[in-house]
Amino acid sequence: QVQLVESGGGLVQPGGSLRLSCAASGSIFSNYFMGWYRQAPGKQRELVAIISSGGTTNYAESVKGRFTISRDNAKKTVYLQMNSLKPEDTAVYYCYAHYARAYWGQGTQVTVSS
């Protein structure tokens, strides 16, 4: 069983930055495929960024060049650095892990507004 706990959400002005963290349980974190998804009100959950166990990353077109996903296997944590935030980035952000099956965090709210 894998438990994921997100932190770092909040309210930020357009153009600002936030860093989300997701702490995972489990002794084989380095083998987990990790990612971040988001869901805005009235919309479907969408992929934001993913990172493989080997560190390969992939991003949604809408966040390329602005967001960076990274992982620290020693801390069992995955991060999402979000820069140049836009109002359309407002959503609940969910941490995702996959190892034999999918696991989800409880979500953290990110609001981009002036």
Side-chain angles (χ1 to χ4, degrees):
Q1 188 75 8
V2 176
Q3 292 184 328
L4 305 171
V5 179
E6 301 104 331
S7 60
L11 173 64
V12 63
Q13 291 187 341
S17 297
L18 281 175
R19 188 176 81 155
L20 305 183
S21 300
C22 172
S25 64
S27 60
I28 50 175
F29 174 81
S30 59
N31 290 343
Y32 300 166
F33 185 96
M34 302 295 298
W36 289 94
Y37 284 71
R38 68 186 180 187
Q39 187 166 18
K43 295 187 177 181
Q44 290 188 331
R45 191 173 296 189
E46 63 175 3
L47 173 69
V48 176
I50 54 175
I51 184 166
S52 72
S53 58
T56 301
T57 59
N58 201 3
Y59 298 90
E61 284 296 325
S62 60
V63 307
K64 278 185 179 178
R66 300 189 297 124
F67 290 13
T68 303
I69 188 171
S70 61
R71 64 191 297 160
D72 185 331
N73 290 336
K75 295 182 178 180
K76 299 181 182 180
T77 301
V78 64
Y79 303 98
L80 185 68
Q81 177 66 44
M82 305 185 293
N83 298 328
S84 303
L85 282 161
K86 304 175 181 180
E88 51 263 43
D89 295 318
T90 295
V92 177
Y93 284 70
Y94 296 92
C95 182
Y96 166 85
H98 191 277
Y99 186 78
R101 51 153 285 191
Y103 299 88
W104 294 93
Q106 81 286 356
T108 185
Q109 177 70 46
V110 172
T111 302
V112 184
S113 174
S114 55

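Keep in mind the model is a prediction, meaning the values are calculated, not measured. Only this structure's heavy atoms are used, side chains among them; waters, hydrogens and symmetry mates stay out.
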Gap separating the CZ atom of F67 from the OG atom of S84, nearest 0.5 angstrom: 9.0 Å

Euclidean distance, L85 CG relative to S113 OG, rounded to 0.5 Å: 12.0 Å

F29-W36 co-clustered via ILVMFWY side chain contacts under 4.5 Å: yes

Mutual orientation of the aromatic rings belonging to Y32 and Y99 [parallel < 30°, tilted 30-60°, perpendicular > 60°]: tilted

Atom pair CE/CD1 of M34 and I50 - distance to nearest 0.5 Å: 12.0 Å

N58 and T56, any side-chain heavy atoms less than 4.5 Å apart: no

Nearest non-hydrogen partners of A91 and R38, listed with the distance: CB-CB, 3.8 Å

Student check: side-chain heavy atoms of V78 and C95 closer than 4.5 Å: yes

Spatial distance of atom OG1 (T57) from atom NZ (K64) [nearest 0.5 Å]: 9.5 Å

same_hphob_cluster(V5, L80) at 4.5 Å side-chain heavy-atom cutoff: no

Atom of T77, atom of S21 and distance for their closest heavy-atom approach: CG2-CB, 4.3 Å

Student check: side-chain heavy atoms of M82 and R66 closer than 4.5 Å: no

Side chain to side chain, S17 and V12, heavy atoms closer than 4.5 Å: no

Nearest-0.5 Å distance that lies between atom NZ in K76 and atom SG in C22: 13.0 Å

Single hit among V63, D89, I69, L20 for side-chain contact (heavy atoms from CB on, under 4.5 Å) with V48: V63

V112 with L18, same ILVMFWY side-chain cluster at under 4.5 Å: yes

Exam field: side chain Q81 to backbone R19, donor-acceptor pair closer than 3.5 Å: no

Centroid separation Y37 to Y94 less than 6.0 Å: no

Distance, nearest 0.5 Å, that separates OH of Y79 from OG1 of T68: 14.0 Å

R45 and W104, any side-chain heavy atoms less than 4.5 Å apart: yes

Q39 atom CD, over 12 foreign heavy atoms within 6.0 Å: yes

More than 12 heavy atoms of other groups within 6.0 Å of Q44 CD: no

Polar side-chain atom of R71 near backbone of F33 as donor-acceptor pair, under 3.5 Å: no

Criterion side chain to side chain contact (heavy atoms under 4.5 Å, CB included) on T90 and Q109, from CA distance to verdict: CA-CA 8 Å; T90 295; Q109 177 70 46; 4.0 Å; yes

Main-chain N/O of Q3 paired to S25 side chain as donor or acceptor, under 3.5 Å: yes

Which atom of P14 lies closest to which atom of S114, heavy atoms considered: CD-N, 3.7 Å

